[in-house]
Amino acid sequence: MLRVDFGVLGEICAWADGQAIELGPARQRSVLAALLVKVNQPVSLDQLTDCVWGEDPPRRPTATLQSYLSRLRTSLPAAWDGGIRRSGGGYLLRADEGAVDLHRFRDLRNRARTSDDATAERLYEQALDLWRGEPFADLDTSWAGAQRHVLQGERLAARLAYHDVRLRRGGHAALLGTLESLAAEHPLDERPAAQLILALYRSGRQGEAFQQYERIRKRLAADLGVDPGPDLRLLHHQMLTSAVAPAPAESAPVSPAPPAPTPPPAGIMVPRQLPAPPPVFVGRPRELATLDDALTGDGRDRVAMISAIGGYGGIGKTWLALYWAHHHVDRFPDGQIYLDLRGFDAGNAPMPVETALRLLIGALGADPAAVPQRPEEQTALYRSLTARKRLLIVLDNARDTAQVVPLLPGTPSCTVLVTSRNQLPGLIAGHDARHVPLDVLDAAEARRLLVHHLGPERVDAEPEAVAALVERCAGLPLALSIIAARALMSPWLPLASLAEELRAESTRLDALDAGELSADLRTVFAASYRALEPEAARLFRLLALHPGPDIPPPAAAGLLGTDARRPMAGLVRAHLVTEHAPGRFALHDLLRDYAAERVYAEDTEAERDAALRRLLDHYLHTAHAAALLFYPNRRAIQLTEPLAPGAAPVVLRDHQQAADWLAAEIQALLWAVRRAADAGLATHAWQLAWSLADYLNRQGRRQDILTTQQAALDAARDQDDLVGQCRAHQIIARTHLRLGRYDDARVQLDHALDLSTRLGDLALQARANHSLTMVFSAQERHGEALAHAQRALELYRDLGDKSSTADILNSVGWEHAELGHHREAVDHCEQAVALFESLGDPYGQAAALDSLGYAHHRAGDHDRAAGRYRHALRLFREVGDRGEEAACLLNLGDTHRSAGDEAAARREWRAALDILDELDRPGDDPVRSRLAARLGLTEDR
C-alpha cells in the first residue's frame, strides 16, 4: 500500500513513499495545513476561508477554495487509500493520524507523559526529532501565526519534560549546553532556569549554580516585581543545606514506581493517608496532563491547585486522582491526606462537614480534646494547621460544593483534588477549580485494561469475544473491571459466554454484577439516581424511551410534557447525561439500560404511552414544517391527529434551519417512524415517513426511504388507512424509479392508482399518473409517458395545483422533445419556466430551464440550448443542488460538442466530474461513468 506522509512542523510538505509531492502555492498549502491540523475531522468552508485569508477574503472564497481542493486532490497519489472528501458543510482529509508529524508528535508526547523514565526519554526524543524548524514556516497568515504560537509552546513544554526525564536519569552533564541556551532564550521562565541550576550543581559547579539562581531572582524582581516560585526556592534551600538528591548514573535503570517523598524533619507528624495506587491504570493522558499543567503552571507561582475531577459512577475518578497523587508525592513534603466524603455511597449518607473537619484536623496531628465544637471554629483551626504547608488533600466522592468549601485550606501552598459525580459549578466559579471531566475509554484502552486484568494469552485466545466485551461495556472502566473479575473468578468460563450475557439490553446490568456493592454497576448507578431531584429523575427515566444517539431540549420537553432545561441541567451536573455538543445531550449505553429499568419499574404504561405520543408529535409536526420549508410550493398533506398537550414542536423559520434540524435529528426520526408503526399509530407513521422522504432523497439515502415507507405501509394496512397506503406506495415507487427498478415501480404505482380511484381522490390520481410518466419515460416508452403526463396535467389544472401543474408541464415538454415534437416541447417547457418563476420556485425553474435547453438541443438550436443551460446552472448554484448542477454541466458540455466546440465541452464535463467526485455518492456512479467516458478517462483516474 502506498504511504503518504505530511509535515507541518517546518514548511508544509508531503511525501509519497519518500518522494516529495508538489503542493502548489502558499494559499493552496494553507488549505492543506488546515485539513492536516484537524485530520479526519470536517473543516467548514468558513473555517477554511479564515485559515487562508483571515479577515480579508475574496468576493467568492468558496469557488477559490474548491479550486484549491480540486488541485490538491489531483496532486495526491491516486493509489493512496486516503484523500480529501466532502463532509457536511465542509471538507476533511482522511489519513492515518500517524502520517502527520504534528499528530505523531502529540501522540509520542502523551505516551511519554505516562511512561517510565527510560521509555519516556526515548519517546520524547522521537517526538522532538520530528521538528524540521518553525511550524508552518512557509505560511504568512494570522491563522498560521496563531497555530505557530501554540505549537511552539507545546514544543517547549515537551523539551522541558524531556530534560526533567534526562536529569532524573543522570544526564546533567550532557544537557548543560542545551540548558544554558534555553535559559537564555527564556530569561523569565523558572523551569529551564531550575533545570540549568540543578545540572550545574550536580556537575560540581555549585558556585555557578548559585550565581544562576541570583541572576533569575534579580530579573524576576526587576521585570515582574515577584520572588522566585516555590519550586525554585526549594531547590535553592536544598543547595544551601546540601540536600540536593544525587543523580543516578545515566545508564542506570529507573523504576516506574511513584517517587518517594522527601523525609520530614524529626518530631513532626506527616500524614501519609493515600490509599494504594490503582493496580491497573490505562489511558487518561489528556487528564493527567491537565492536572500536571494545573500544578506546575506556566512558570509563575502556581502551587495552589483545586481540581474537581468529575464523571458518572464507574468512570474512574478515584483511580485517576490516586494515580496522579502517587506520582507527585515528592511535591508535597508536608504530607498527603485522603478523605472519602461518601457523597454517593451505596450504603451510607454523605459525610457531615463537621465529621470531615474533625478527621482532617486529626490527620494534621491536633489533640482531639482541643478541637472546638463550633464548625466555623473547626474550619479556622484546620486552616491554621495547613497554613504554609505543602500538602496534598484528596477529597473523594464529594456530594456538592457546600460539602467541599469548608474543607478547603486557606493557604496557597496546598493542593486539593476533589472527585465527584456532580460538576460542582460553585467550586469552579467561586474557587477557580480546574474542571477535569472524564470520558469513557476508547476501544484500544479498554482492550489494554482487559489485558492487564486477564493476561494477553486469555485475551488473544478469543479476539471476537473480547471485541464484543469492549463494545458492550461501552468504555466504562468499572464495567470492564467487573467483567474481568467474573472471568478471573471463573477461569474455565469462555469470554464468549460473558459477551453473550451482555448482548441483551434487558439483562446487561445483571451480567455486570460481581456479587458485592462495589462491584455491581446497577448499585453504582442507583446512588447517583437517588440523589436527583424528582423532575430530573423522571426525565432520566423517560430518556430511555428515546433511542436516538442524542436528544435536544425540545424533544426532551416532549417526553417530559414541560420545559426540560432545568431537569436536564441537573442531569448534566450529575454526569448522568453529557452535553457533547451545544444543545445535544447524550446518555451512556449502560446508563440507558438502567434508565429503562427504572421507567418500566416506576412509570405506568399510560404514563409511558403519553410520553411517547408527545415525543412522536414533537417529531411529526416539526418534520412536516421542515418538509414544507424545503419545498414551499409542494402540495402538503394535512396533519389529522391533534397535537398532544405538552408536545413541543420546534418553530423553524427558513430553509437552513429546517436542513440543520433534519441533519441533527435524522436518526431519531427514522426510529420514530418504526416506533409509531409498532405502537399502532399508523397516521403518525406514514405522515412522518412522507415528511422525511424529500430530505432523504436529497441526501441520497434511498434505502432509508424504502425502510421507513415500508414500515408506514404495513402500519396503514393494519389500520385499513387507504390514504396512508396510497402515499406510501407512491413514494416507494418514486424511490424504485430512482434506483432503476422500473418493474417494481410499476407494481407500486398500480396499487396507488387503484387506491386513489377507490378513494375518489383526484390529487392522488394525478400524483400516480405523474409517477407513471416518469417510469415510462425512464423505459423510453415516451408515447405512454406522454399520455400519463397529459392526464396528470388535466387533473392538476382541475385541482388548481399550480406547483404540480408547472412540474408536469415540464414533463410533457420533455416527452414531446423525446418524440421529436420540437415546437410542442419548447412551448410546454416555456410555460413551465414561466409558472415556476411566478411561484418563486427557483429549483423548479432551474429544472424546467434544463428541459428547455434539452428541447432546443434536440431541435438543433445550440445557441439557445446553451443559454438555457447557463441560466439553469445559475439557479441550481443558488439553491445549492450540486448534483443537479453537475447534470446540467454534462448537458451543456454535450451541447458544446454538438456545436463543434470540443474544448468548451471538455471544460464543462471536467467541472461536472469534479463536483460528483466531491459529493462521492454511489447513486451518481452511472453519470460519473458517462463523464469519464466523454473525457477519455479510466475508472481509476
Do Q765 and N769 have side-chain N/O donor and acceptor atoms under 3.5 Å apart?
->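 No pair is found: no donor N or O on one side chain lies under 3.5 Å from an acceptor on the other.
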Indicate whether any N or O donor in one side chain lies under 3.5 Å from an N or O acceptor in the other, for S771 and R734.
-> yes
Is a salt bridge present between R613 and D617, judged by a nitrogen-to-oxygen distance below 4.0 Å?
-> yes
Between D654 and L629, is any pair of side-chain heavy atoms under 4.5 Å apart?
-> no
Do Q845 and D841 come within less than 4.5 Å of each other through their side chains, counting heavy atoms only?
-> no
Residue that, paired with Q710, satisfies side chain to side chain donor-acceptor pair (under 3.5 Å) out of D714, T708, T707 =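 Looking at D714, T708, T707, the match for Q710 under the side chain to side chain donor-acceptor pair (under 3.5 Å) is D714.
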Given D861, which of R864, R858, H857 fulfils the side chain to side chain donor-acceptor pair (under 3.5 Å) condition?
->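 So the option named by the test is R864.
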Can you classify the ring geometry of [X] versus [Y] as parallel (below 30°), tilted (30 to 60°) or perpendicular (above 60°)?
X	Y	answer
H655	F630	tilted
Y619	H546	tilted
F876	Y843	perpendicular

In Å and rounded to the nearest 0.5 Å, what is the OG1 to CD1 distance from T735 to I731?
->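 That separation rounds to 7.5 Å.
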Approximate separation, where rounding is to 0.5 Å, of D801 CG and I808 CD1 | 11.0 Å
Within 6.0 angstrom of D743 CG, more than 12 heavy atoms from elsewhere = no
